[in-house]
Amino acid sequence: MFKYRIISFPLLLFLLYLIFFQPWGCWIFIVGAPIVISLALYEAGKLFSLCKFETDPVFTAELGGIVAFLFFLNCYFGFQSGIFSLLLMIVILSGILLILFTLLFSKDEVKFRKIFNSFALAGIFGSTYILFASFYFQSLSEFFLLYLMLTAKAMDTGGYVFGMISNKLMKSGNHKIAPSISPKKSWEGFFGGMAFSIAVSVIFWRFLGNFAWYFYLAGGVLLALLSFAGDLTESALKRRAGVKDSAQWIPGMGGVFDVLDSFLYIGPAVALIAAILVVFSII
């Protein structure tokens with residue numbers, strides 16, 4: 001697995017370089033991010049189906065991808081182009097009407113449950129990923145989303161490295177956190193990953209310095225905890241579904257949902273914290 005990650009990780013970094021450091025990178029993001037979100041929603045739908053939660057993964061992916069694409073276009077044009085807002089509202093209303101018509105006129109209860117559950121899944125998981133990705137367009141810093149992504153994934157990477165090393169060096173193995181959910185997650189990996197996240201966050205402070213150093217220190221700790229929570233959530237879902245990975249798209253990493261699980265809670269949490277800071281005039 002490690003040798004495949006050595007190949008996949010630089011490719012992902014190169015993609016981030018194109019998105020954040022090239023003048024046309026915004027269009028790669030506007031087109032590519034909805035595709036990535038769609039794949040993650042498709043995989044999530046498959047996992048929930050394996051858990052006996054009736055869904056239509058294709059419908060979930062299509063709905064989430066279309067909404068994400070139209071929303072990002074709105075973000076790029078500053079919500080000044082009414083056509084994209086109009087199309088976005090049409091898609092959302094069409095989904096609601098689809099549920100209503102299926103409820104009223106279809107006698108196939110399985111079909112209704114699949115549509116309703118798929119719509120709910122796209123709304124819950126899709127909205128948190130869309131909110132997270134929308135930080136790409138906010139004015140705080142053009143690299144704010146990059147900061148969130150790299151700091152959060154540092155927890156995942158550091159946890160993997162420290163967990164693997166500590167398990168080999170310790171005679172009785174390292175100390176597991178939740179073996180019934182994720183057998184490989186350890187306290188050694190947890191604290192090692194948090195150290196990685198804090199280090200990445202401090203590096204961003206060194207080069208950006210938008211706020212005081214203690215904001216970046218707190219950000220590293222918070223993003224590490226949120227990343228770990230997202231990872232643990234998907235691990236629990238995969239354990240219940242009886243699979244190791246959500247898919248096999250990315251060598252050494254599994255599926256897109258496996259990669260994005262670190263961001264599951266970050267969008268809503270960061271938006272909530274930012275709102276609190278603004279309300280109390282802290283920033």
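Count residues from 1 along the sequence.
Under the 3.5 Å distance criterion, with hydrogens and angles disregarded, no donor-acceptor pair is assigned to the side chains of Ser186 and Lys176. Side-chain atoms of Ser166 and Glu188 include no donor-acceptor pair closer than 3.5 Å. Under the 3.5 Å distance criterion, with hydrogens and angles disregarded, no donor-acceptor pair is assigned to the side chains of Glu62 and Tyr42. Using a 3.5 Å distance cut-off with no hydrogens or angles, the side chains of Thr151 and Tyr216 do not pair a donor with an acceptor. Under the 3.5 Å distance criterion, with hydrogens and angles disregarded, a donor-acceptor pair is assigned to the side chains of Ser201 and Tyr147.
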Inset, instruction - For the pair Tyr129 and Leu264, evaluate side-chain contact (heavy atoms from CB on, under 4.5 Å) and give the outcome as yes or no after the intermediate values. - result: CA-CA 7 Å; Tyr129 283 135; Leu264 194 57; 3.7 Å; yes
Inset, instruction - Carefully, step by step, assess Phe257 and Leu39 under the rule side-chain contact (heavy atoms from CB on, under 4.5 Å). - result: CA-CA 7 Å; Phe257 194 37; Leu39 289 173; over 6 Å; no
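Between Phe215 and Trp205, the gap from one ring centroid to the other reaches at least 6.0 Å. Checked against the 6.0 Å centroid criterion, the rings of Phe29 and Phe137 qualify as a close aromatic pair. For Tyr136 and Phe20, the ring centers sit closer than 6.0 Å to each other.
Ring geometry for Phe21 versus Tyr17: interplanar angle under 30°, hence parallel rather than tilted (30 to 60°).
Heavy atoms from other residues, nucleotides or ligands lying under 6.0 Å from CH2 of Trp27 number more than 12. By the 6.0 Å contact criterion, CZ on Arg239 is enclosed, its count of non-hydrogen atoms from other residues, nucleotides or ligands being greater than 12. When the shell of 6.0 Å around NZ of Lys114 is examined, it contains 12 or fewer heavy atoms from other residues, nucleotides or ligands. In this structure, Lys185 places its NZ atom where more than 12 heavy-atom neighbours from other residues, nucleotides or ligands lie under 6.0 Å away.
A pairwise comparison of heavy atoms in Ser38 and Gly65 identifies OG-CA, 3.0 Å as the closest pair.
One finds a salt bridge joining Arg113 and Glu54 here, because a Lys/Arg side-chain nitrogen approaches an Asp/Glu carboxylate oxygen to under 4.0 Å. Residues Lys111 and Asp56 are not paired through a salt bridge, judged by the lack of any N-O separation under 4.0 Å between the basic side chain and the carboxylate.
Between the side chain of Ser197 and the backbone N or O of Met155 there is at least one donor-acceptor pair closer than 3.5 Å. Formation of a donor-acceptor pair under 3.5 Å by the Asn174 side chain with backbone atoms of Gly163 is found in this model. Between the side chain of Thr55 and the backbone N or O of Gly45, at least one donor-acceptor pair lies under 3.5 Å.
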